[in-house]
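These notes concern the structure reproduced below.
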Amino acid sequence: MNSTIAQLKERFEQALVAAFGDALAGTDPILVPASNPKFGDYQSNVAMSLTKRLGKPPRAIAEAIVQNLEVSDLCEPPTIAGPGFINLNLKLTYLEQQLRQMQADARLGIPPLKQPKRTIVDFSSPNIAKEMHVGHLRSTIIGDSIARILEFLGHDVLRINHLGDWGTQFGMLITHLKQAYPDALTTANALALGDLTTFYKQAKQRFDEDEQFREESRLEVVALQAGNEESLRAWHLLCEQSFLAFQEIYDLLDICVTNRGESFYNPLLPAVVEDLEQAGLLVEDQGAKCVFLDGFTNKEGNPLPLIIQKSDGGYNYATTDLAALRYRIQQDHAERIIYVTDAGQANHFTQVWQVARRANWIPDSVELVHVPFGVVQGEDGKKFKTRSGDTVRLKDLLDEAVSRARTDLETRLQEEGRQESEEFKSHVAEVVGISAVKYADLSQNRTSNYIFSYDKMLSLQGNTAPYLLYAYVRIQGISRKGGIDLSQFAIDCPIVLQEETELALAKHLLSFDEVLSAIEEDLMPNRLCQYLFELSQKFNQFYDRCPVLQAEEPQRTSRLVLSNLTARTLKQGLALLGIAVLERM
RNA sequence: GCUCCAGUAGCUCAGUGGAUAGAGCAACCGCCUUCUAAGCGGUCGGCCACAGGUUCGAAUCCUGUCUGGAGCGCCA
């Protein structure tokens, strides 16, 4: 099955050449979904854009295009409207045939990619010895969804968890570990997971207050970097404990990552410095080795340096990022590198990439993308905190969502007089709670800040996870009630589209590929949410107007197929958001 | 001081060059003897922050202003 819009584009390109000659070969036909359903399904705006170039009135251009346009297998005869819009209506027979093919295709008519790209998605990236908190929520959820979508399209994706597992903070952590938990170094599992936040706070407090502790910590950093065995053992211990805590969250969120932290690049840092030196970019300033940046100034208006090596010989995260960037291109052979971090790091990436480009490390074939997102805010519009003003632990946040989903469910069961097993209740509550958190985040344009509200995300009405899950459940209800295996219908099944709502649903189902290719380009998962929400709405409208099980043949089978396609598209689409479906709820 | 991001209905947000700017929530009015009403239909609601500019055409692109957020030399 070929993308309808791609086919139409080809036809328009041919028509443009046929009408106006080879000079117009490769002209974008500006073909887009119609701005309003009353104009049809698709429209081309190319005629207006060519008025100057061709020196003819747009309507005349549109007429010439339409005369040379061969789309009779796909569309009704095109019409020209307004200043020169060319409107297209898909033929019923074409839609019906496309739906039959979609029904027979395991990939719902999304063709496998011709040119998969080696892609790195760098996301989540929590810090060792700190628990994951609300600040990691967006990177983790958005990054996972982007990775899932690119994987589904056929790209070769490496999901990198760029953990904060190295740096000066380990001096105080190791020193504190040695002094406060001496057993931990000799006995397995002596350090409990939940202690990590407290542990970090204690270390930080001592570091801030105790001069001697500070000095010991400084020496510990040196020992760690020098490869001291005991220091490394302590460091490993902290990392292992943290991995376990992270994995608990990743399991709950159903997220898969490859752990490759900053420490991985340690051996590569001196080469970064050497190469920048050789490229003539390094300047020594106040004892630090820097690259002065184009287009960035400090508060005094002087050029801003990017510090590559500190005056004490240590390295910063910019150096690590440079090393990582080079490794990803040279060793991982990445062609597209996607960084999912908060918008506040935009400058940092621009700076690091500028240095990498000036050092000629980035081939033209490699695309670097920062996928920024806004901060999570409470309902008061301020930074999201607990009542006592602490950062919200991700575990607590997710538990709260699940527990609220559970309460809603139990209230509802009681109202309806339903009896369900404990297993059912806990499963539904978990899926609904986690889905709600994910969907609420993903459904917003990630670039703006995001106001976190349990009440809104768990609401049963509106653009929420429960609404979408319910649409899926309704379809499973039809299947159960009718005792029908919806997947049984083959490519030769009858499809008849008569009602308005059937037609609208059918057309929406067939545009799944368009939304996915848009996301492949701009990495905006909220487009997929919008698509799935509209799909659910259109299904509910269809469900409201069109009886399925009681319908006469051939409508009955046709409607069963439409329902099945909706369910499969919902399930696939939600899977790309990292959300599971339920059979009943 | 500089850089980046944002500003669209009462609220939360879609909409990055096309026709009369959309949705959800909230408010109000309807629809359950029929596949789960967690649904569907309707009403109300806009100076797209402001001012210029580019264009056949601007919420969308450019310039400036205002407001909010984030960041800006040895933390990540």
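Keep in mind that the numbers below use all heavy atoms, side chains included, and drop hydrogens, waters and symmetry copies. Lettering follows sequence order; numbering is per chain, from 1.
Here V473(A) lies in heavy-atom contact (under 4.0 Å) with a base. Residue contacts shown for N449(A) are limited to sugar-phosphate atoms, with no base heavy atom under 4.0 Å away. Within the 4.0 angstrom heavy-atom criterion, no nucleotide atom of any strand lies near C529(A). No engagement by A471(A) is indicated, since no non-hydrogen atom pair under 4.0 Å with the nucleic acid exists. Among the heavy atoms of the strands lying under 4.0 Å from G477(A) are primed sugar atoms or P, OP1, OP2 only; no base atom is included. Y315(A) comes within contact range of the sugar-phosphate backbone alone, with a heavy-atom separation under 4.0 Å but no base atom that close. When heavy atoms are screened at a 4.0 angstrom cut-off, S448(A) is found touching the sugar-phosphate backbone but no base atom. Residue A288(A) is in base contact, counting any heavy-atom pair closer than 4.0 Å across all strands shown. Residue contacts shown for L304(A) are limited to sugar-phosphate atoms, with no base heavy atom under 4.0 Å away. P305(A) comes within 4.0 angstrom of a base, heavy atoms only. Contacts of S479(A) with the nucleic acid, taken as non-hydrogen atoms under 4.0 Å apart, are absent.
Rounded to the nearest 0.5 angstrom, Q530(A) CD and E534(A) CD are separated by 4.5 Å. Atom CZ of residue F512(A) and atom CG of residue L528(A) lie 6.0 Å apart, to the nearest 0.5 angstrom.
Phosphate contact (OP1/OP2 of rG73(B), side-chain N/O of K310(A), threshold under 4.0 Å): absent. Residue Y467(A) has a polar side-chain atom (N or O) positioned under 4.0 Å from OP1 or OP2 of rC40(B). Applying the 4.0 Å criterion to OP1 and OP2 of rC13(B), one finds that Q444(A) has a side-chain N or O inside that range. A close approach under 4.0 Å does occur between a side-chain nitrogen or oxygen of N526(A) and OP1 or OP2 of rG15(B). Applying the 4.0 Å criterion to OP1 and OP2 of rG39(B), one finds that Q461(A) has a side-chain N or O inside that range. The side chain of R474(A) contributes an N or O atom lying less than 4.0 Å from OP1 or OP2 of rA37(B). Listed pair N463(A) / rC13(B) fails the phosphate criterion, with no side-chain N or O lying under 4.0 Å from OP1 or OP2. The shortest distance between the side-chain N/O atoms of Q377(A) and the OP1/OP2 oxygens of rG68(B) is not below 4.0 Å. The side chain of N540(A) places an N or O atom within less than 4.0 Å of a non-bridging phosphate oxygen (OP1 or OP2) of rC40(B). Contact annotation: K289(A) does not reach the phosphate of rC74(B) (side-chain N/O to OP1 or OP2, under 4.0 Å).
On a pure distance criterion of 3.5 Å, a polar donor-acceptor pair joins the side chain of N87(A) and the base of rA19(B). Between the side chain of Q169(A) and the base of rA76(B), no donor-acceptor pair of N or O atoms lies under 3.5 Å. Scanning atom types as modelled, one donor and one acceptor separated by under 3.5 angstrom connect the side chain of S35(A) and the base of rA19(B). The base of rA38(B) is paired with the side chain of R412(A) by a donor and an acceptor separated by under 3.5 Å.
Among rG18(B), rA76(B), rC40(B), the nucleotide with an atom closest to any side-chain atom of M48(A) is rG18(B). Distances from the side chain of I451(A) to the nucleotides rA76(B), rU12(B), rA37(B) place rU12(B) closest. Across rG73(B), rC11(B), rA23(B), the shortest atom-to-atom separation from the side chain of F533(A) is found for rA23(B). Distance from the side chain of Q530(A) is smallest to rA14(B) among rA37(B), rC74(B), rA14(B). Nearest nucleotide to the D544(A) side chain, out of rG69(B), rG39(B), rU12(B): rG39(B). Comparing rC35(B), rC74(B), rA14(B) by their nearest atom to the side chain of N316(A) picks out rC74(B). Of the candidate nucleotides rC35(B), rU20(B), rU3(B), rU3(B) has the atom lying nearest to any side-chain atom of N347(A). You'll find that the side chain of F85(A) is closest to rG18(B), out of rC40(B), rG71(B), rG18(B). Proximity note for K456(A) (side chain, C-beta onward) versus rC40(B), rA19(B), rU12(B): the nearest is rU12(B). When the nucleotides rG69(B), rA38(B), rA23(B) are ranked by their closest atom to the side chain of E416(A), rA38(B) comes out on top.
In this structure, K481(A) and V375(A) both approach RNA chain B, and ranking their closest nucleotides by distance from the 5' end singles out K481(A).
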Y339(A) vs F349(A), ring pair (Phe, Tyr, Trp, His ring centres under 6.0 Å): CA-CA, chis, key distance, verdict: CA-CA 9 Å; Y339(A) 297 84; F349(A) 286 115; 4.6 Å; yes

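As rounded to the nearest Å, rC62(B) and rA37(B) have P atoms that lie 49 Å from one another. Atom name P, nucleotides rU20(B) and rA59(B): the rounded distance is 11 Å, in whole Å. Nucleotides rC4(B) and rC47(B) place their P atoms 31 Å apart, quoted to the nearest Å.
Under the 4.5 Å side-chain criterion, counting only non-hydrogen atoms from C-beta, L24(A) is in contact with L54(A). The shortest side-chain heavy-atom distance between D321(A) and H348(A) falls under the 4.5 Å cut-off. No side-chain heavy atom of I30(A) sits under 4.5 Å from any side-chain heavy atom of F12(A). Looking only at side-chain heavy atoms (C-beta outward), Y315(A) and K310(A) stay at 4.5 Å or farther from each other.
Per the geometry, CD belonging to E534(A) stands 9 Å off C1' belonging to rA14(B), to the nearest Å. Between the OH atom of Y265(A) and the P atom of rA76(B) there is a distance of 16 Å, given to the nearest Å. Nucleotide rC74(B) holds its P atom 12 Å from the CG atom of N298(A), rounded to whole Å.
The aromatic rings of H133(A) and H136(A) are tilted relative to each other, their planes meeting at an angle between 30° and 60°.
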